[in-house]
Amino acid sequence: MRKSYLLILLFLIPNLLWAQDPAVIQNIKHEGLENSQVMDIAFQLTEVSGPRLMASPGFYRAADYSVNQLKEWGLQNVKRDPWGDFGKGWELTKSYVAMKAPWYKPLIAFPKAWTKGTNGYKNASVILVSAQDSAEVVDKYKGKLAGKVIIMDNLIDYTLTAKTDLVRYTDAELDSMQKVQLTPPDTAAQRRRYRSYFSGDWRKARIMAATLKEMAEEEGAVAMLTSSARNHDGTVFVQGGGSHKMDAPENFLDIALALEDYNMIIRLLRNNTPVNLEVDVATRFLTDEEKGYNVIGEIPGTDEKLKDEVIMIGGHLDSWQGATGATDNAAGSAVMMEAMRILKTLNIAPRRTIRIGLWSGEEQGIYGSRGYVAKTFADRANMKLKPTHEKFDVYFNLDNGTGRIRGIYLQENENARGVMTKWMDPFKDLGVKAITVSNTGGTDHLSFDAVGLPGFQFIQDEVEYGSRTHHSNMDSYDHLVPDDLRQAATIVAGMIYQAAMSD
């Protein structure tokens, strides 16, 4: 379900009355742009807390900081809020990977999450595995993997590109987004694309990799090396290496390499030049706590008739482990926290309750927000609505990097255009322009959408999100753009103020 069927009348009212004070909007702009604390918040979430892999010590450090900070600002009902069972945590405690022969070179390498370590220092030769399918893998390499580091014979083609990492929307692109019209989805074409994607080379490669890892585990291999076309110019995109479920075995060590190092090793081995690696990786699995937690806090409403209604904002707090998760998504979490700080600093008493959610487990499947929505508003499994469902007004999400806000996706809810236009109008001078009926996916607003609650994601300038920082070892504090985050926090604060005060 993409549209809010309970609030549709609100969006259709032609002449909304507005209770907010225009002077407050100017005060919000001044506080957000001139007295911002968003970069201080981001610093605490990233470099002080460390990587925030779900259920890791870094995640809990960031959650505890967020709880304490929200309380210090004066928010109420602030807590670490359990949403359900997640599984085990994981922490990287040591990682050293270098080429020892034919000459020495430290490698740009990152172990994947939820994989085990090497149980001490290993000096291992690398074996090049070349096969067409899993049957050939078994036939050619069974019994040959003990004590080896494994690499598939899959040289990655690297093509130079003139595209810059710094990407911002042009006016023409934003205008085009606004002109998009709803069309019935071509479900047949979608099914064909799905079948093609999951039934071709991708599926064969996954089966081969699974077979190889199983053999490697049985025979006592040291590790597997992997890479992708995205891993270039020293950037390594690194995520999970297996299940995080509490009863899942420790996953075989899978190490993501930069493309340049990965291709170098393959070329040497193709040339019959032996390659030896030094590998010393230590990881820790955390099994004391299975539950997942979000951070929740609110500014209670003050209007007797409207205080039980909820305006909500959020972003996910968890990250991957290759860096400190600055653009994905300390940026969104810091912006949403800063928006709440702005309102509290200005002593705004909203008519409706304004609530913040900092979600966990987003990277594994938007678990945290789904769990929260299911227990608080409605479970999408049975669509049994709780009384609070009717009192929910709107959710705004931020999770597309450090780029400034340029507009909003309506998630096919064309009837929301009028109210969004009014709420965004005071911020045109900050570069907000596009309101598009299009969908965007992949993050926590979908949890609200799925049960008929109006959840929206902002349009943001990409900056270098897709090409450089998303899930990579470059996702660090230095890749945040302070002016963009100040702009975003100011707009969010203004949007939720208007939503909370509207008649």
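FYI, the numbering just counts along the sequence from 1.
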For [Y], is there any backbone N or O sitting under 3.5 Å from a side-chain donor or acceptor partner on [X]?
X: Tyr141; Y: Ser130; answer: yes
X: Asp399; Y: Gly315; answer: no
X: Asn294; Y: Ser360; answer: yes
X: Gln44; Y: Ala62; answer: no

Aromatic ring proximity, centroids under 6.0 angstrom, [Y] and [X]:
X: Phe237; Y: His470; value: no
X: Phe456; Y: Tyr409; value: no
X: Tyr372; Y: Trp359; value: yes

Q. Restricting to pairs with a member in residues 149-168, which pass ring-ring contact (aromatic ring centres under 6.0 Å, His included), not counting sequence neighbours?
A. Tyr158-His232
Q | Pairs satisfying salt bridge (charged side-chain N to carboxylate O under 4.0 Å, His left out), at least one member in residues 41-62, at least two apart | A | none
(Q) Less than 4.0 angstrom from a charged side-chain N to a carboxylate O is my criterion; do Asp444 and Arg370 meet it? (A) no
**Q.** Residues His316 and Asn397: side-chain donor-acceptor under 3.5 angstrom
**A.** no
Q.
Side chains of Thr273 and Asn271 only: does a donor on one sit below 3.5 Å from an acceptor on the other?
A. yes
Q: Could I get the full list of side-chain hydrogen bond (donor to acceptor under 3.5 Å, both in side chains) partners for Asp461, not counting sequence neighbours?
A: Arg168, Arg406
